[in-house]
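To start, the structure under review is shown below, and the notes come after it.
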Amino acid sequence: MLSDIPSDSVKDFSDQVVDDPSSLLFGSLADFYRENGLYQEAINICLTGLESHPNNIEARLVLAQCYKGTGHTERARAELTKILSVQPQNSLAKKVLAELDKPGGSELQEIAISPAEESPIHPEKAEETPLAEEAIPTPTAVPAGPAMADPSDFHKGAQAMMALAAESAEKPKIEFVPPEPASQAGPMEVPAEPAPEKTAIPPKPPTEADPKTMSSYGRILNEIIQTPQVRASLLVDESGYPVASATAPQSAGLDEESSGALSSLVFTSASEAMQKVKLGELERVVIDTRNEKIFLSRVGSQVLMVTAESSAKTGLVAVNVKRAIDRIKNLSS
Amino acid sequence: MKNILNQINDIPGVKGSVVIDKEGLVIASNLMSGLEERTISAMVASIFNQVVKSLARGQEEQIYGVQLLASEGNIIFLCAQHCILIVITETGANIGLVSIKMKASLEHLMDML
């Protein structure tokens, strides 16, 4: 499957990353590498980027997943512990940590990590979904070599990205300009494999979802909180279960369970009420309080909650939330 | 009070305005035909109370206002100590302008009540 990626798509992604001046995107790029099994490259990007942005939770999470994927469980655990010390509610970090704690959670032998080495092995993906199992070559099936059709395209992007990261290390934070949906990067972004049981049985807690999709959700929510004065973002399903969340480092933790349940409740009630007065389908609720603004937005059957300071620019938050909604919808489709 | 509501209704895209108490009882209204003031009032009071409970602070004065934006129209309400000012607009109405006018109107209403 990896060799089927059009090199144009890869290049587009690299160019897209390079064109974006926000160096915080190194986490996304590293995650893209990770998703394609290029753990070593992803680790190098994360380590370099984290020197400039040590508080970038997304990159640290990608790093932890890479360590897990390469069998370096202790390093993965250390990174996850750092994340949870800052964001105790980070559900993805908790999930990865729980997987590490499972017996056989990391089935790989420790693989020596050297900067020059490329690892085409995809142990994590092989564990994730049957689709991945079928499509991704295992170490025994494929001889060692580059997994991508043309990894040099990735490398160009990565090098340029790192240059930008180093360049902007001392610049003030740039306002959030989300990248194009990662799913446009090519067929590698296979977030939601249609799972028949999702419609057949009651909704499951989000931790049961495809880890790759979860990671993409987390990335999108993390980008929302880059918006100035935004404190937290939380995606909940129609039953009020939290699907993914992100909290700005300087903000207090978010109680995902209760916030999720209440967001869903308020949105559902308001939605029913709007239909009663024949004003159509409710798209967004903005609650303005003394201390904060709360944005509840419909994302298909899910609700996206974003909290911001009361002085936050409603329009800016709304624009970024709308972009995030579009990206989440792309993931779901 | 009617004059205040008329001024709000003069803004392009506004379909009507209502003043209610916290229990949902109508104090004054000026709605276009097709809008049922009792339904809207009860619905807004219900949502307001639910939001108050959801904030888990038990302090309704914490809430300044709520905007409900739907595919065929919007409902905006601002809260004061004893009343809630509700405005119904078409989609595409200038919400910012409506909000500014509502804030000014609410101050007048508070003086009256």
> Which bit of L78(B) is near chain A, if near means a heavy-atom gap under 4.5 Å: side chain, backbone, both or neither?
Replying inline: neither

>> Report which part of I47(B) has an atom under 4.5 Å of a heavy atom belonging to chain A: side chain, backbone, both, or neither.
In response: side chain

> Taking only residues two or more places apart in sequence, or in another chain, which ones meet S269(A) in a side-chain hydrogen bond (donor to acceptor under 3.5 Å, both in side chains)?
Replying inline: Q50(B)

> What pairs with K15(B) under salt bridge (charged side-chain N to carboxylate O under 4.0 Å, His left out), at least two apart in sequence or on another chain?
Replying inline: none

> chain B contacts: which residues in residues 276-288 of chain A have a non-hydrogen atom closer than 4.5 Å to it?
Replying inline: V277(A), K278(A), L279(A), G280(A), E281(A), L282(A), E283(A), R284(A), V285(A), V286(A), I287(A), D288(A)

> Once you round to the nearest 0.5 Å, how far does CD of E72(B) lie from CD of Q275(A)?
Replying inline: 9.5 Å

> Can you tell me how far the CZ atom of R298(A) sits from the CG atom of L69(B), to the nearest 0.5 Å?
Replying inline: 12.5 Å

> Quick one: side chain to side chain contact (heavy atoms under 4.5 Å, CB included) partners of A93(B), sequence neighbours excluded?
Replying inline: T89(B)

>> Please give me the minimum heavy-atom distance between I75(B) and M274(A), naming the atom from each residue.
In response: CD1-SD, 3.8 Å

> Which region of I294(A), side chain (C-beta onward) or backbone (N, CA, C, O), has a non-hydrogen atom less than 4.5 Å from a non-hydrogen atom of chain B, or is it both or neither?
Replying inline: side chain

